[in-house]
Amino acid sequence: MNIAKNGNLKLAIQKKGRLTEKSIELLKLCGIDVDHYSERLVVPAENFPLEVLFLRDDDIPEYVQDGVADIGIVGENVVVSKNAKTTVVEKLGFGKCTLMMAAPDYVHLKTIQDIDGKVIATTYPRIVQDFLDKNNLKAKLIELSGSVEIAPALGVADIICDIVSTGNTLMMNKLKKSFPIFDSQAVLISSASNELKKEKAKILQDLQSRIRSVLLARRSKYLMMNVPIGSLEKVKKAIPSLSSPTVVPLADQHYVAVHAVIPSNYLWKIADSLKELGATGILLLPIENLIP
Ligand code: ATP
Ligand code: MG
């Protein structure tokens with residue numbers, strides 16, 4: 001079957017790399033199952049009108065721009081550096097990383113001005129050039145496709161600009177982090193010029209609303225506790241509930257159970273006041289999906 005012709009939405013994801021598992025997991029949480037353990041490069045989803053194209057991440061922006069794939073999941077760093085005509089439809093909250101300047105000990109790099117006149121090795125010349133332009137700096141850029149960290153030791157560059165997470169690779173190459181210049185995360189992109197046909201646009205809308213529910217659920221937690229009936233109003237006020245809390249009577253008439261959806265991490269801000277108000281059995285649970 002020619003997949004270019006069937007009416008399924010075509011989603012490009014990274015074939016093998018840091019974003020692969022997380023992309024598949026996101027689809028799974030959206031109720032969409034994709035078998036990615038075969039060697040096939042195009043796999044139809046089992047229960048959604050979607051074809052998944054497994055590609056190198058560098059190729060995804062251009063394929064999406066040209067309509068070979070309708071949408072794609074890729075790092076924002078790659079989207080910006082490829083400069084393809086694509087639109088970010090959704091930020092996905094995983095694959096977070098930072099593009100950083102780093103230098104060997106013997107290079108003075110204390111302020112941004114120290115970058116002026118340096119030779120910088122990087123895989124992302126467009127992002128670095130944008131940063132230089134914004135800060136009125138001039139530097140020579142050397143584009144490398146990998147092993148950027150070794151460039152100063154080889155005498156090819158003074159400093160580097162690369163993605164840094166733990167900093168271990170930098171340390172092993174005797175480089176020190178300095179300025180962060182770009183924060184990236186995985187994003188869902190669509191073509192900025194090719195408009196989708198009505199049927200496909202509908203499938204994309206469905207997919208997007210599922211993704212939004214999953215992201216909302218990730219940012220939320222389900223709070224459960226027992227509260228003395230006399231404190232109920234004060235407890236309700238303390239909870240920054242995404243929906244109004246559910247109050248359930250208990251066998252002990254002096255207490256009620258209160259359930260609420262709250263933003264993740266918020267419990268720590270209110271835990272003490274909840275305890276002061278006599279709340280007991282405070283329980284915080286993860287939410288898999290949340291349909292607003
Ligand atoms: P491909 O073979 O598809 O070209 P790649 O080697 O270019 O893969 P990966 O190393 O798998 O790419 O990284 C994919 C994306 O993951 C990066 O472009 C970036 O957006 C994101 N990412 C998150 N954390 C890191 C990290 N610590 N180092 C590198 N990339 C990271
Ligand atoms: Mg790549």
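Note that ligands are numbered from 1 as they come in the structure, with each ligand's atoms numbered from 1 the same way.
Between the side chain of Asp116 and the backbone N or O of Leu137, no donor-acceptor pair lies under 3.5 Å. A distance-only check finds no donor-acceptor pair linking the side chain of Lys22 to the backbone of Arg18 [under 3.5 Å]. Listed for the Glu90 side chain is no donor-acceptor partner under 3.5 Å among the backbone atoms of Leu188.
Taking Ile, Leu, Val, Met, Phe, Trp and Tyr as hydrophobic and joining them when side-chain heavy atoms fall under 4.5 Å apart, one finds Leu41 isolated, its cluster having no other members.
In this structure the side chain of Leu250 reaches within 4.5 angstrom of the side chain of Asn226, judged on heavy atoms. Within the 4.5 Å cutoff, the side chain of Leu9 has heavy atoms near those of the Leu207 side chain. With contacts defined as side-chain heavy-atom distances shorter than 4.5 Å, the pair Leu11/Glu51 does not qualify.
Near ligand 1, residues Gln14, Gly17, Arg18, Leu19, Arg56, Asp57, Asp58, Gly75, Asn77, Val78, Gly95, Lys96, Cys97, Ile163, Ser165 each place a heavy atom inside the 4.0 Å sphere around the ligand atoms.
Cluster annotation: Val214 is connected to Val34 through the hydrophobic network of ILVMFWY side chains, with a link wherever side-chain heavy atoms come within less than 4.5 Å.
When the ring-ring contact (aromatic ring centres under 6.0 Å, His included) test is applied to Tyr266, no partner is found at least two apart in sequence or on another chain.
Counting only protein N, O or S atoms closer than 2.8 Å to the Mg ion (ligand 2) gives 2.
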